> 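Got a structure here, written out as structure tokens. Questions coming.
Since we're looking at a predicted model, the values are computed, not measured.
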Amino acid sequence: MVLTRRRAHPLHALLLLPALLVWVGLPPAKRDASKPLPLTVWIWSTGRRIDQEAVRRVVAEGAEAPFVKAGTFEFAHGRLDYRPELGPEALPAGTYRLVYSFEPSVISSLEAIGAKQLASAIGGAFRADSESLHVAVRGVQVDLDCPTRLLPLYAEALRSLRGALPSGTELSTTTLLTWLDAPSFERVLEEVDFHVPMAFGYRIPQRVEERSPIADLDHVLGAVAAADRLGKPYWIGLGAYGYVLSYGPNGDLEHVHGKADPREVPSSCVRATGEGAYEVLSPIRLHGIDVPVGRALRYDRFRVATLQAWLAELRHEAGPQCRGAILFRLAGREDPLALTPAGFHAIATGAPPFAPSLRIEGEGSRMRAVLSNGGPDDGAFGPGACRVTLRLTRGRFEFASRGGFDGHSGRLGDCPASVPRSDRVVWTSAGLGGEETISSGTIVVGLPFEGELSAEVDGPSGRIQLGPIPVRRSR
């Protein structure tokens with residue numbers, strides 16, 4: 001027998017190339033950095049608190065099939081109960097993915113509940129919600145923070161749930177960062193179409209001296225690298241919210257004010273003690289909770305500029321399995337620290353995140369000063385973070401009122417008798433928020449007069465000077 005050697009086809013070598021690259025230890029493949037990273041959002045408000053116009057705007061900006069919290073499970077008296085949180089008309093027309101979350105009572109009782117009962121309950125809730133909501137439903141996401149040791153049970157539940165879902169329905173899971181290196185997590189990944197590493201909110205500082213931001217780039221890139229190694233399609237979850245933390249006299253955490261607006265705190269009631277840190281000088285109220293004198297406050301919120309930079313980094317660092325980023329969470333009603341449609345637009349397009357401007361409005365001797373921010377990012381917060389000055393070089397003030405500012409140069413009130421005969425009025429505010437406009441009250445100046453309007457605003461990256469803008473009126 002004569003043996004002949006077959007000539008290798010050139011494609012054979014190409015097919016072996018990925019395995020060869022792994023074998024020689026070269027870096028894993030990266031996604032095409034020239035293409036933008038797809039974005040979408042989690043909607044975590046319930047019922048009528050969902051801002052439908054905000055949902056429409058982010059979808060119009062490209063948010064793909066947003067993830068919506070449909071309801072929550074709890075375990076009590078030996079029963080696994082479901083609490084739906086969306087009404088039939090809660091969402092505008094469109095396509096969504098429904099998310100199911102779980103109270104700690106479920107997580108602590110997973111072994112007693114078992115995989116089959118858990119899957120049956122989620123499947124039943126999903127079927128009922130899909131029928132009652134007047135929207136298209138693309139998939140179901142399970143948001144279950146189970147202990148790592150119970151990941152095999154979780155995988156079994158997902159397998160049972162998969163078999164009960166309509167054909168073509170996506171199944172996904174949120175992913176704790178501690179799962180990414182667990183061998184048992186691969187069993188979970190076998191049962192889902194994709195997963196979502198949650199690269200935010202992993203720790204809230206329990207002591208006033210501790211520093212732990214909502215998210216940081218090292219954790220984000222670490223999560224992406226670990227997810228790439230697993231080789232399963234994923235979206236990366238990024239934090240887009242904020243909170244105010246209040247600490248007691250002993251330095252221990254007392255409250256997490258998740259929907260408090262620090263701009264509601266008069267600057268005279270707090271004293272800045274560091275970046276984003278304040279001492280309460282007079283009793284205040286944050287989103288319905290009283291905060292006594294002497295408490296310490298820490299304020300932390302995502303910034304659009306930060307997320308813009310992170311996404312630019314992810315375009316280059318993420319592997320081909322990265323499907324995009326999901327931002328938590330889209331602001332609903334009464335949710336001032338979460339992502340707005342303007343914020344989503346700026347993140348998606350690279351628009352300026354902080355854009356302060358100053359103008360004077362009115363005619364004749366009556367006018368008002370207006371300070372605006374056309375961008376979605378807040379400036380820095382603290383006493384005197386914004387100062388608007390109207391200085392006269394000719395003429396004199398007859399009346400000036402505070403309006404929407406916290407205070408104005410030495411006034412005891414807003415009556416004409418309280419206005420000193422000076423050549424300037426200074427209005428102050430504790431900060432300029434995203435898409436916020438602050439106006440003075442009425443200003444009356446005797447005619448004729450000349451002067452200039454200027455402002456100093458503490459922005460995210462330092463102090464910004466606006467003006468001076470010439471202001472003059474004749475008789």
> Before accepting this row, confirm whether a basic side-chain N of the pair D252/R207 lies closer than 4.0 Å to the acidic partner's carboxylate O.
yes
> Quick check for you: to the nearest 0.5 Å, what is the distance between R48 atom CZ and L86 atom CG?
13.5 Å
> When rounded to the nearest 0.5 angstrom, what is the spacing between CZ in F67 and OG in S172?
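F67 CZ to S172 OG: 5.0 Å, rounded to 0.5 Å.
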> Which word best sums up how the rings of F328 and F200 line up, parallel for under 30°, tilted for 30 to 60°, or perpendicular for over 60°?
parallel
> Do the side chains of L339 and I347 get nearer than 4.5 Å, heavy atoms only?
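The answer is yes, as the side chains (C-beta and beyond) meet within the 4.5 Å cut-off.
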> So, taking the atom named CD in E191 and the one named CD in E186, what distance separates them when rounded to the nearest 0.5 Å?
12.5 Å
> Knowing that exactly one of T175, T40, T174 qualifies, which makes a side chain to side chain contact (heavy atoms under 4.5 Å, CB included) with W235?
T40
> Any side-chain to backbone donor/acceptor pair from Q206 onto I204? Under 3.5 Å, distance only.
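At least one qualifying donor-acceptor pair exists.
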> Tell me if the CZ atom of R203 is crowded by more than 12 foreign heavy atoms within 6.0 Å.
yes
> Where does the angle between the aromatic ring planes of H257 and H255 fall among parallel (under 30°), tilted (30 to 60°) and perpendicular (over 60°)?
tilted
> Should the ring pair H195 and F185 be called parallel, tilted or perpendicular, given that the plane angle runs from 0 to 90° and is split at 30 and 60?
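Rings of H195 and F185: perpendicular, as their planes differ by over 60°.
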> Whether the D300 and Y241 side chains hold a donor-acceptor pair (N or O, under 3.5 Å, no angle test) is what I'd like checked.
no
> Should E64 and R138 count as an ion pair when the cut-off is N to O under 4.0 Å?
yes
> Could you tell me if Q465 and S454 have a donor-acceptor pair between their side chains, going purely by distance under 3.5 Å?
no
> Less than 3.5 Å apart, any donor N or O on the side chain of Y154 or T173 sitting next to an acceptor on the other?
yes
> Using a strict threshold of under 4.0 Å (side-chain N to carboxylate O), is an ion pair present between E103 and R83?
yes
> Would you call R159 and E156 a salt bridge, using N to O less than 4.0 angstrom?
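Salt bridge flag = no for E156 with R159.
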> Between R315 and E313, does any side-chain N to carboxylate O distance fall below 4.0 Å?
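Not counted as a salt bridge, because no side-chain N and carboxylate O are separated by less than 4.0 Å.
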> So, are K259 and E334 salt-bridged, with charged N and O less than 4.0 Å apart?
no
> Would you call R329 and D335 a salt bridge, using N to O less than 4.0 angstrom?
yes
> For F73 together with Y82, are the ring centres under 6.0 Å from each other?
yes
> Would you kindly say whether H408 and T428 are connected by a side-chain donor-acceptor distance under 3.5 Å?
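On atom types as modelled, these side chains do not qualify, holding no pair under 3.5 Å.
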> For the pair R149 and E111, find out whether any cationic side-chain nitrogen is under 4.0 Å from an anionic carboxylate oxygen.
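Looking at R149 and E111, the cut-off is met.
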> Can a donor-acceptor pair be found between the side chains of D143 and S101 at a distance below 3.5 Å?
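The answer is no; no qualifying pair exists.
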